[in-house]
Amino acid sequence: MNLLLIGGTSFLGRHTATDALRRGWTVTTFNRGRSGPDVEGVEALRGDRASDDDLAALAGRSFDVVVDTCGFVPAVVGRSVRVLAGSGAHYVFVSSISATTTWPGAPTPDGLDGQECRSDAGPDDGDYGKLKAGCERAVTEEFGDRSTIVRAGLILGPHENVGRLPWWLERISRGGEVLAPGDPATPMQLVDARDLAHFMLGAGADRVTGTFNATGPRGNASMGSWLGDAVTATGSGARLTWVADDFLVERSVESWTELPLWMPPGEDGDHVWDAETAAAERAGMRSRPLTETVADTWDWMQQGGRPPERPPHAHAPRNGIDPAKEQRILAEWHARPG
Ligand SMILES: NC(=O)c1ccc[n+]([C@@H]2O[C@H](COP(=O)([O-])OP(=O)(O)OC[C@H]3O[C@@H](n4cnc5c(N)ncnc54)[C@H](OP(=O)(O)O)[C@@H]3O)[C@@H](O)[C@H]2O)c1
């Protein structure tokens, strides 16, 4: 198999390249050379996907599978799909559950339409989720049933470039009393980048058509289980103190970013971990236990792995609560009346 990976040097793309090489595939990557070194063994082409001149390097080439990990603007994705239309490839596009009309306010069943967004929309024509839906359309308009749309859930694992799990692992490794948000029993739904990469390559090779919610099964971890895994992995002896959601909201702790992966119940928090995954599972999606993801991410950090200083995409926030604020909230929690 001959794979073109648009991206390939940071997180999900690295795992995709590594998995493909392990299968004996020939791998070509196309990126600007800014986000990290290419995986050893690939043919690395340099270029900006927003430039038709740079994309000319791909014109006239044949591929069996394209995996596109870095499409955020429909008009830009349109350029690559036009250049690759005659390549003979099956096009696997990495989208997001945010592209759907329901997430995170309601459950996300399989087979939902994406949000309204033109396939030639520009960067200012919508937010991250809406633009991802436009990118999906740009792919399917050109590739039709020769495409797989992979709506990823929240991705963790070694090389994570947003810095969510790495922030928690770093905090927990420092030990002491750690502010743990909300209810430890809160069911979550997370996916390991290596499992997602495996699914995408299988879907590309088998030319699986359609749009999939691609994440772990509902409830494959809870806030308490993976934070506990982090305490075990780091061996720090940190003590988790569970502080109620309302208490944190009243103190203006920003969900999702100050305490990564924490979303309190309410308008946006009730269905954030509530996507149907049956279609992806039928198409080959398999998820390892999150305990392994946490341990392997800590191993990667022990070898010097760190998320980049700057977030990889404009939509990716900086993570982490100020240590003084964390300690102040813990003191207030212990001093609360009753
Ligand atoms: N993280 C999550 O929890 C989450 C959840 C849902 C969906 N997703 C989606 O999953 C994907 C994650 O991607 P990743 O960062 O892990 O993939 P990656 O392939 O490991 O890294 C991104 C690649 O894109 C390349 N790139 C960026 N802009 C480019 C441009 N203009 N032209 C050419 N290459 C460009 C980067 O290289 P250069 O910078 O060197 O060009 C880098 O190689 C994204 O599409 C994201 O929306 C993520």
Side-chain angles (χ1 to χ4, degrees), residues 3-20 27-39 42 44-55 57-58 66-77 79-80 83 92-100 103-104 108 123 127-136 139 149-166 188-197 199-200 212-216 256-257 260-261 272-273 275 293 297 307-308 310-317 319:
L3 169 72
L4 170 66
L5 193 43
I6 307 182
T9 55
S10 183
F11 176 35
L12 180 59
R14 283 200 89 70
H15 292 298
T16 308
T18 305
D19 189 329
V27 181
T28 302
T29 56
F30 179 87
N31 57 64
R32 297 164 302 179
R34 295 183 193 168
S35 295
D38 273 282
V39 172
V42 307
L45 301 178
R46 292 279 167 261
D48 186 335
R49 66 177 305 163
S51 155
D52 285 332
D53 285 348
D54 290 0
L55 285 170
L58 302 174
V66 174
V67 174
D68 182 348
T69 58
C70 59
F72 299 99
V73 179
V76 173
V77 171
R79 294 171 191 268
S80 59
V83 167
V92 181
F93 180 74
V94 181
S95 185
S96 163
I97 280 178
S98 329
T100 63
W103 189 90
T108 305
D127 62 11
Y128 169 70
K130 185 174 159 121
L131 292 176
K132 277 286 195 191
C135 294
E136 294 179 355
V139 172
I149 304 298
V150 174
R151 288 182 176 155
L154 196 126
I155 313 169
L156 299 178
H159 295 278
E160 192 209 311
N161 55 11
V162 182
R164 295 171 173 130
L165 180 54
M188 296 176 72
Q189 187 172 28
L190 305 163
V191 63
D192 189 299
R194 295 166 293 185
D195 296 332
L196 194 52
F199 171 66
M200 295 196 298
F212 298 91
N213 296 336
T215 185
W256 207 243
T257 53
L261 303 181
V272 69
W273 311 115
T293 307
T297 305
R310 284 192 312 136
H313 323 297
H315 75 273
N319 292 303

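Read the numbers this way: they start at 1 and go in the same order the structure lists the ligands and their atoms.
Contact record, V94 with L12: CG1-CD2, 3.9 Å, taken as the closest heavy-atom pair. The minimum heavy-atom distance between V27 and A20, with the atom names listed, is CG2-CB, 3.7 Å. Nearest heavy atom pair, residue R151 against residue I97, reads O-CG1, 3.5 Å. Residue A197 comes nearest to T16 through the heavy atom pair CB-OG1, 3.5 Å, listed as atom of the first residue, atom of the second, then distance. Scanning all heavy atoms of the two residues, the minimum distance from T29 to G7 falls at CB-O, 3.7 Å.
With atom 44 (C) of ligand 1 as the reference point, the heavy atom nearest to it among T9, T69, V94 is part of T69.
For the side chain to side chain contact (heavy atoms under 4.5 Å, CB included) criterion with F11, the lone passing option out of L156, V162, I155 is I155.
Residue F11 approaches ligand 1 through these ligand atoms, each under 4.0 Å from one of its heavy atoms: 16 (O), 18 (P), 20 (O). Of all atoms in ligand 1, numbered sequentially from 1 with element shown, those under 4.0 Å from a heavy atom of R34 are 38 (P), 39 (O), 40 (O). Atoms of ligand 1 lying under 4.0 Å from any heavy atom of G153, numbered from 1 in the order shown and given with element: 5 (C), 6 (C). The atoms of ligand 1 that sit less than 4.0 Å from any heavy atom of R49 are 30 (C), 31 (N), 32 (N), 33 (C). Each of the following atoms of ligand 1 lies closer than 4.0 Å to a heavy atom of S95: 7 (C). For ligand 1 and L154, the ligand atoms under 4.0 Å from any heavy atom of the residue are 3 (O). Short contacts between ligand 1 and G47, defined as distances under 4.0 Å to a heavy atom of the residue, involve ligand atoms 32 (N), 33 (C). The distance from ligand 1 to the heavy atoms of N161 drops below 4.0 Å at these ligand atoms: 14 (P), 15 (O), 16 (O).
At a heavy-atom cutoff of 4.0 Å, ligand 1 is contacted by no atom of I6, backbone or side chain. In A193, neither the side chain nor the backbone holds a heavy atom less than 4.0 Å from any atom of ligand 1. Only the backbone of R14 comes within 4.0 Å of ligand 1, judged by heavy-atom distances. Looking at R164 against ligand 1, only its side chain comes within 4.0 Å, counting heavy atoms.
In terms of polar-atom proximity, G13 is counted as a contact of ligand 1, with an N or O under 3.5 Å from an N or O of the ligand. An N or O contact shorter than 3.5 Å links G8 to ligand 1 by distance. Of the N or O atoms in L12, one or more lie within a sub-3.5 Å distance of an N or O in ligand 1. Every N/O-N/O distance between C70 and ligand 1 stays at or above 3.5 Å.
Within a 6.0 Å sphere centred on CZ of R46, heavy atoms belonging to other residues, nucleotides or ligands number more than 12.
Between the E160 side chain and the L165 main chain, a donor and an acceptor come within less than 3.5 Å of each other. Q189 places a side-chain N or O within 3.5 Å of a backbone atom of A275 that can act as its donor or acceptor partner. Although no hydrogens or angles enter the test, the distance criterion places a donor-acceptor pair under 3.5 Å between the side chain of H15 and the main chain of P158.
Using a 4.0 Å heavy-atom cutoff, K132 is listed among the residues neighbouring ligand 1.
Side-chain contact between D54 and F30: present, with at least one pair of heavy atoms (C-beta onward) separated by less than 4.5 Å.
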